[in-house]
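In the text below, chain A, chain B and the rest are named by the order of the sequence lines, each starting its count at 1.
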Amino acid sequence: MSLDTMILKMGEGFGKTCAIFFLTLLFSLPLGMLVALLRMSKIRVVSWITRFVISVLRGTPLMLQLLAVTYGPFYLFGLRVARNKLVPVVIAFAINYAAYFAEIYRGGIESMPVGQYEAAEVLGYSKTQTFMRIILPQVVKRILPSITNEVVTLVKDTSMAFTVAYQEMFTIGKQIANSQSSFIPFLVAGAFYYVFNLAVDFVMGRAEKAMSYYK
Amino acid sequence: MENLLEIKHIRKSFGGLEVLTDLNLSVRKNQVLSIIGPSGSGKSTLLRCATLLEKMDGGDLVYNGLYAARDENGRSVYAPPKTIREVRNMFGLVFQNFNLFPHYSVLKNVMEAPMLVQKRDKDEVKKEALDLLEQMGLRDKADAYPCQLSGGQQQRVSIARALAMNPKILFFDEPTSALDPELTGEILKVIRGLAEKKMTMVIVTHEMAFARDVSDYVVFMDGGVIVEEGDPKDVIDHPTRERTIQFLRRMREQ
Ligand SMILES: Nc1ncnc2c1ncn2[C@@H]1O[C@H](COP(=O)(O)OP(=O)(O)O)[C@@H](O)[C@H]1O
Ligand SMILES: [Mg+2]
């Protein structure tokens, strides 16, 4: 197989890689905020349960979680395995990343000086107004470098979808490598991920710069 | 004379530590009241209770006849949210360390609350905000961000932010303590200007000369109680209580 064909075939899978990537961010970024708020809940039970769930999600392999979400329903309830594996893959990724984002959000929110809340309170801001206008924008700025780290990791983690044979780029590359007994597809995959992450760095760098007008 | 603020028999503890013990304080309209006393005497706690940042354990808190909290069988019971909002609209607070919103420009720091909380017209608020900044000598800093300003300038912005809400009474908790000594003068000058315009103010301060010259009434606190109070010239120049005498001597020695 020529290098061109190889790149073309893997490029087709790259669309699916991007689908995992963007859909995971779309769902996990807001879900993470919800989880963070539950984790900081004043109701002890809620906070404990959330803390436990987060620790399980962070303490077990993503690969295991992918298998569990994809095949769990079959083994547990005899349900058919989803034909389009994108659905279970994105569910597993979104939940896993939400756990990581939640801890980042929580760290950011807890690092905010209490004076910001108090100034807003004295001025008559409601709790929601204080959070949305005063706290959240500053938290986003503080946590952006940590978010970038996670996003970079996510780019590489998408390759784990091969464990459930979802036809994204790495899965295809692995198949070609096996059938052609060649190492080249892995190098091609590496180049794809590297370029993707250059783009991520560029975009996140822009975002950080856009928020650097204040300290 | 009507009392804008009345605090009656306030009690406040943190854990087992009683910080305010059966303390009474009233502030008349147009009065400038200074609170002095050693650190740890409960001055900030008193201000925080008055500005609803802290809940009192017992006692009444009354603004302009409106009860924010009423003592029932020795426990403070707070008014419903609607009343609390009304009360909150009557006062402003200037913090020791400014607490400006760093992600907002100077102008937005001053303008947002009147628009968002008081739902006032944007153009009108903007005009008033620019006037206030002019008064504070910061008209040219309207588009700057807090991090680009000196401590003294930041504190003047925070005073403008509080004034933009048109409070009936303004509290200051050691407004110059976080500033370099050479910057305290500009803040004291601004407060002096407000006093001349008959702004009702309660000022916690360690600046004795300022307290004597600017205020109509001074309260000396120690250990969660008022030890001595009255005309500033009497209390500061001719204190009668041993604790006041010692405190003022220590302040002079510094
Ligand atoms: N949130 C708090 N929790 C526990 N103790 C507090 C708290 N705030 C103040 N205190 C204690 O209350 C006392 C009075 O403090 P404060 O009102 O800040 O005094 P001042 O402003 O006169 O220096 C001090 O002993 C202080 O340690
Ligand atoms: Mg204090």
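Atom CZ in A/R133 sits 11.0 Å away from atom CZ in B/F101 (nearest 0.5 Å). A distance of 5.5 Å separates CD of B/E112 from CD1 of A/I134, quoted to the nearest 0.5 Å.
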Name every donor-acceptor pair, under 3.5 Å, that has one atom in a side chain of residues 158-184 of chain B and the other anywhere in the protein, sequence neighbours excluded.
unit_1: B/S158; atom_1: OG; unit_2: B/Q155; atom_2: O; d: 3.1
unit_1: B/S158; atom_1: OG; unit_2: B/Q155; atom_2: OE1; d: 2.5
unit_1: B/R161; atom_1: NH1; unit_2: B/N99; atom_2: O; d: 3.1
unit_1: B/R161; atom_1: NH2; unit_2: B/F98; atom_2: O; d: 3.3
unit_1: B/R161; atom_1: NH2; unit_2: B/N99; atom_2: O; d: 2.9
unit_1: B/N166; atom_1: ND2; unit_2: B/E128; atom_2: OE2; d: 3.4
unit_1: B/D173; atom_1: OD1; unit_2: B/S44; atom_2: OG; d: 3.4
unit_1: B/D173; atom_1: OD2; unit_2: B/S44; atom_2: OG; d: 2.8
unit_1: B/E174; atom_1: OE1; unit_2: B/S177; atom_2: OG; d: 2.6
unit_1: B/E174; atom_1: OE2; unit_2: B/H206; atom_2: NE2; d: 3.4
unit_1: B/T184; atom_1: OG1; unit_2: B/P181; atom_2: O; d: 3.0

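The greatest number of non-hydrogen atom pairs below 4.5 Å with chain A, out of B/Q148, B/R85, B/H103, B/R88, is found for B/H103. Of the residues considered (B/L93, B/L53, B/I84), B/L53 shows the highest number of contacts with chain A, using heavy-atom pairs under 4.5 Å.
Identified by a heavy-atom distance below 4.5 Å to chain B, contributing residues of residues 30-56 of chain A are lacking entirely. Within residues 198-215 of chain A, the residues having any heavy atom closer than 4.5 Å to a heavy atom of chain B are A/Y213, A/Y214, A/K215, listed by residue number. The interface of residues 110-123 of chain A with chain B, defined by heavy-atom distances below 4.5 Å, comprises A/G115, A/Q116, A/E118, A/A119, A/A120, A/E121, A/V122, A/L123.
For B/L116, the parts lying under 4.5 angstrom from a heavy atom of chain A are both the backbone and the side chain.
Counting heavy-atom neighbours within 6.0 Å of B/D143 CG, excluding the residue itself, gives a total of 12 or less. In the displayed structure, A/F186 atom CZ is contacted under 6.0 Å by more than 12 heavy atoms of other residues, nucleotides or ligands.
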